[in-house]
J.: 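Okay, here's the structure, questions in a sec.
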Amino acid sequence: MRRNVTLEEISDGKLYGPNDMVKADAQGCAGCSKCCQGMGNSIILDPYDVFRLTTGLKCSMEELLQKYAQLNVVDGVILPNLRMTGKEERCPFLNAQERCSIHPLRPGVCRLFPLGRYYENGSFRYFLQTGECTALRTKVKVSKWIDTPDGKRNQEFIITWHYLLKEVEELLWENGEDSFCRNLNLFLLNTFYFAPYALEDFYSQFEERLARFRQVVPKREF
């Protein structure tokens, strides 16, 4: 999701790599769960998130949408996000003790917080969001904080997915015809989200799906 703000407005002005130390560790959050409530549609799920959730919870994408997620338009593209529930708009995975009940399966946006990604030159670096978390934080290595196995392949996936969505956004904006937009969005959703993932290497499955997608939507250069 694009944010129409400058990096200086929302960060400490620094950019970080996976091996850098950053003041992001909230030391177990000390009972705080503010970032798990009132987040609206901002916890957008990418295909790796859906792979983890559907295989970890042993459910289909359809079942995930029935209980925990919803579809929304993000910069013209229809994408799933975690739904907030109840009067307090809580994450559906927040338990009675105000703890995440699916911590090993939590989405990438949750793993990042309070970090964000800054994309440039076909890659990205991380930045520390200011004003988003009031907890007293200590320094931690970025890769340790994100806590995602096979960091290099995950980074390659994130870059590929980001720029693929950018291509799709441009195609939707350029064409604008209702049936084209609907069909392209459905093709993206069915290819990367609704087709069930096997409990095996995600990245190989993603590459296979990407190849099928590229047979219909050739790669564009920016």
Side-chain angles (χ1 to χ4, degrees), residues 1-11 15 35-36 38-54 61 64-65 68-84 89 91 106-132 146 148 154-195 202 206-207 209-210 212-222:
M1 181 168 59
R2 297 178 183 177
R3 299 178 66 177
N4 295 317
V5 292
T6 65
L7 194 62
E8 289 73 20
E9 290 179 272
I10 59 173
S11 78
L15 292 173
C35 63
C36 304
M39 299 303 290
N41 304 328
S42 64
I43 313 299
I44 300 167
L45 304 177
D46 65 28
Y48 187 40
D49 296 329
V50 168
F51 163 78
R52 278 194 285 214
L53 288 168
T54 54
M61 181 63 185
L64 196 67
L65 287 171
Y68 309 113
Q70 59 191 9
L71 296 176
N72 271 294
V73 179
V74 182
D75 299 321
V77 185
I78 299 175
L79 295 171
N81 63 265
L82 285 187
R83 68 169 75 195
M84 300 291 112
E89 294 193 347
C91 171
R106 67 197 186 281
V109 172
C110 304
R111 291 170 185 269
L112 271 178
F113 188 83
L115 301 181
R117 298 189 190 102
Y118 180 77
Y119 293 87
E120 60 178 351
N121 303 321
S123 187
F124 71 88
R125 285 181 289 173
Y126 302 94
F127 64 90
L128 177 64
Q129 300 180 77
T130 54
E132 294 290 343
I146 295 171
T148 298
N154 184 253
Q155 182 171 338
E156 291 170 353
F157 156 71
I158 290 169
I159 292 169
T160 299
W161 183 245
H162 172 80
Y163 287 102
L164 176 64
L165 289 183
K166 185 178 178 182
E167 290 180 55
V168 172
E169 290 169 21
E170 293 292 332
L171 282 169
L172 294 170
W173 182 82
E174 288 173 5
N175 190 287
E177 204 271 327
D178 286 348
S179 61
F180 174 86
C181 294
R182 182 176 61 255
N183 290 336
L184 181 54
N185 268 307
L186 285 174
F187 185 47
L188 182 82
L189 286 170
N190 287 329
T191 302
F192 295 105
Y193 289 103
F194 282 95
F202 162 77
F206 175 75
E207 289 298 328
R209 292 170 189 233
L210 179 61
R212 294 200 302 271
F213 188 83
R214 286 301 186 199
Q215 290 176 355
V216 178
V217 185
K219 183 176 177 61
R220 304 180 67 190
E221 299 297 336
F222 292 94

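These values consider heavy atoms only, across backbone and side chains, with no hydrogens, waters or symmetry-generated copies. Fair warning: this is a prediction, and the values are worked out from it, not measured in the lab. All residue numbers refer to positions in the sequence shown, counting from 1.
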J.: To the nearest 0.5 angstrom, please state how far the CG atom of L15 sits from the CZ atom of F124.
T.: 12.0 Å

J.: Can you name the residues that form a side chain to side chain contact (heavy atoms under 4.5 Å, CB included) with C110, not counting sequence neighbours?
T.: I43, R106, P107

J.: If I compare all heavy atoms of G108 with all of D49, which pair ends up nearest, and what's the gap?
T.: N-OD1, 2.8 Å

J.: How are the rings of F157 and W161 set relative to one another: parallel (under 30°), tilted (30 to 60°) or perpendicular (over 60°)?
T.: parallel

J.: Going by the rule side chain to side chain contact (heavy atoms under 4.5 Å, CB included), which residues pair with E174 if we only count those two or more places apart in sequence or in a different chain?
T.: E170, R220

J.: List for me each residue that meets ring pair (Phe, Tyr, Trp, His ring centres under 6.0 Å) alongside F187, sequence neighbours excluded, and say none if there are none.
T.: F213

J.: Quick one: side chain to side chain contact (heavy atoms under 4.5 Å, CB included) partners of L186, sequence neighbours excluded?
T.: R182, N190

J.: Using the salt bridge (charged side-chain N to carboxylate O under 4.0 Å, His left out) rule, collect all pairs that involve residues 110-120, keeping only residues at least two apart or in two chains.
T.: R111-D147, E120-R125

J.: Got a sec, which residues hit salt bridge (charged side-chain N to carboxylate O under 4.0 Å, His left out) with E156, two or more places apart in sequence or on another chain?
T.: K152

J.: So, for P80 and L189, which heavy atoms are closest and what is the spacing to 0.1 Å?
T.: CD-CD2, 4.4 Å

J.: Out of curiosity, N81 CG to L45 CG, how far, rounded to the nearest 0.5 Å?
T.: 6.5 Å

J.: Under the side-chain contact (heavy atoms from CB on, under 4.5 Å) test against L165, which residue among T160, L79, V74, D46 passes?
T.: L79

J.: Classify the angle between the aromatic ring planes of F51 and F202 as parallel (below 30°), tilted (30 to 60°) or perpendicular (above 60°).
T.: tilted

J.: Excluding sequence neighbours, so at least two apart, what forms side-chain hydrogen bond (donor to acceptor under 3.5 Å, both in side chains) with N154?
T.: Y203

J.: Nearest 0.5 angstrom please: L112 CG to I158 CD1, how far?
T.: 7.0 Å

J.: Only counting residues at least two apart or in another chain, list the ones meeting salt bridge (charged side-chain N to carboxylate O under 4.0 Å, His left out) with R214.
T.: E167

J.: Could you tell me which non-hydrogen atom of M84 sits nearest to which non-hydrogen atom of C91, and how far apart they are?
T.: SD-N, 3.8 Å

J.: Can you list every salt bridge (charged side-chain N to carboxylate O under 4.0 Å, His left out) pair that touches residues 185-195, not counting sequence neighbours?
T.: none

J.: Residues in side chain to side chain contact (heavy atoms under 4.5 Å, CB included) with E207, at least two apart?
T.: L210

J.: Counting C-beta onward and ignoring hydrogens, is there a side-chain heavy-atom pair between L64 and Y193 closer than 4.5 Å?
T.: no

J.: Please report the shortest heavy-atom distance between G122 and Y163, naming the atom on each side.
T.: N-OH, 3.3 Å

J.: Which pair of non-hydrogen atoms, one from D75 and one from E169, has the smallest distance, and what is that distance?
T.: O-CG, 3.4 Å

J.: Applying salt bridge (charged side-chain N to carboxylate O under 4.0 Å, His left out), name anything that partners R209, two or more places apart in sequence or on another chain.
T.: none

J.: Mind checking whether L128 and P114 have side chains closer than 4.5 Å, heavy atoms only?
T.: yes

J.: Is there a side-chain contact between L172 and N185 in this structure, where contact means two heavy atoms from C-beta onward sitting under 4.5 Å apart?
T.: yes

J.: How far apart are the C-alpha atoms of Q70 and N41, what are their side-chain angles, what is the distance that settles it, and do they pass the side chain to side chain contact (heavy atoms under 4.5 Å, CB included) test?
T.: CA-CA 9 Å; Q70 59 191 9; N41 304 328; 2.9 Å; yes

J.: Compare every heavy atom of I44 with every heavy atom of V109, then report the nearest pair and how far apart it is.
T.: CG2-O, 3.8 Å

J.: Please check this pair: side chain of T148 against backbone of I146, looking for a donor-acceptor N/O pair closer than 3.5 Å.
T.: yes

J.: Kindly write out the residues that satisfy ring pair (Phe, Tyr, Trp, His ring centres under 6.0 Å) with Y68, not counting sequence neighbours, or none if the list is empty.
T.: F93

